[in-house]
Amino acid sequence: MTRRRSIAFARVAGAALANNEAIVSRWLPGGRREGAEWVCRNPRRADAHPGSFKVNLRNGKWSDFATGDCGGDLIALAAYLFDLRQDEAAIKVGDMLGVNPYD
């Protein structure tokens, strides 16, 4: 019997938040910082102009105000952008940042 390993979501999300600007500029190129937010086009739809898709760089929350899609941290953003489950996104973000994604 194999036992599933527990994901350290809070640790990975905290590490991602500490590297927020590098991450959003990599995942969402063409955006710009406006105060505490990263403003860009939503790459998941035909979004002609930046403005409705925003990531709060202080807390990692993000939203596409045109569609209502939103999430509470950069793991959720990775899951949304790359069509991953939350646990898959946490593992990939942890690996990208050199953070052990497991408890």
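What you are looking at is a predicted structure, and each value in this text was computed from that prediction instead of being measured. All values below come from the heavy atoms of this structure, side chains included, with hydrogens, waters and symmetry mates left out.
In this structure, I7 and Y102 have side chains that are in contact, with non-hydrogen atoms separated by less than 4.5 Å. In this structure, L28 and F53 have side chains that are in contact, with non-hydrogen atoms separated by less than 4.5 Å. Proximity of D69 to W62: side-chain heavy atoms (C-beta onward) are separated by under 4.5 Å at one or more points. Two residues are said to be in side-chain contact when any heavy atoms from C-beta on lie closer than 4.5 Å; L81 and P43 meet this criterion. With contacts defined as side-chain heavy-atom distances shorter than 4.5 Å, the pair C70/Y80 does not qualify. Residues V55 and I23 form no side-chain contact, since every pair of their non-hydrogen atoms from C-beta on lies 4.5 Å or further apart. In this structure, R45 and S52 have side chains that are in contact, with non-hydrogen atoms separated by less than 4.5 Å.
Salt-bridge check for R44 with D64: failed, with every basic side-chain N at 4.0 Å or more from each acidic carboxylate O. Taking a cutoff of 4.0 Å between a charged side-chain nitrogen and a carboxylate oxygen, R4 and D87 qualify as a salt bridge.
Within 6.0 Å of atom CZ in R58, 12 or fewer heavy atoms from other residues, nucleotides or ligands are found, so the atom counts as exposed in its surroundings.
For the pair W27 and A78, the tightest heavy-atom approach, listed with the atom from each and the gap, is CH2-CB, 3.5 Å. Taking every heavy atom of both residues into account, G60 and L17 meet most closely at N-CD1, 3.5 Å. The two atoms that bring P101 and V12 nearest to each other are CA-CG2, 3.7 Å, heavy atoms only. Heavy-atom minimum distance, A79 versus A89: N-CB, 3.7 Å. Closest of all the heavy-atom pairs between H49 and R41 is C-CG, 3.9 Å. When every heavy atom of F9 is checked against every heavy atom of Q86, the shortest pair comes out as CE2-O, 3.6 Å.
Screening N20, L97, N59 for a side chain to side chain contact (heavy atoms under 4.5 Å, CB included) involving L74 leaves a single residue, N20. Of the listed residues (R32, R26, R33), just one forms a salt bridge (Lys or Arg N to Asp or Glu O under 4.0 Å) with E21, and that residue is R33.
Of the possible donor and acceptor atoms, none in the side chain of E37 sits under 3.5 Å from a partner among the backbone N and O of E34.
Residues I75 and M96 fall within the same hydrophobic cluster, defined by Ile, Leu, Val, Met, Phe, Trp and Tyr side chains chained together at heavy-atom separations under 4.5 Å. Residues F82 and L77 share a single hydrophobic cluster, defined by chaining ILVMFWY side chains whose heavy atoms lie under 4.5 Å apart.
Residue pairs meeting the side chain to side chain donor-acceptor pair (under 3.5 Å) criterion with at least one member in residues 90-100, sequence neighbours excluded, do not occur.
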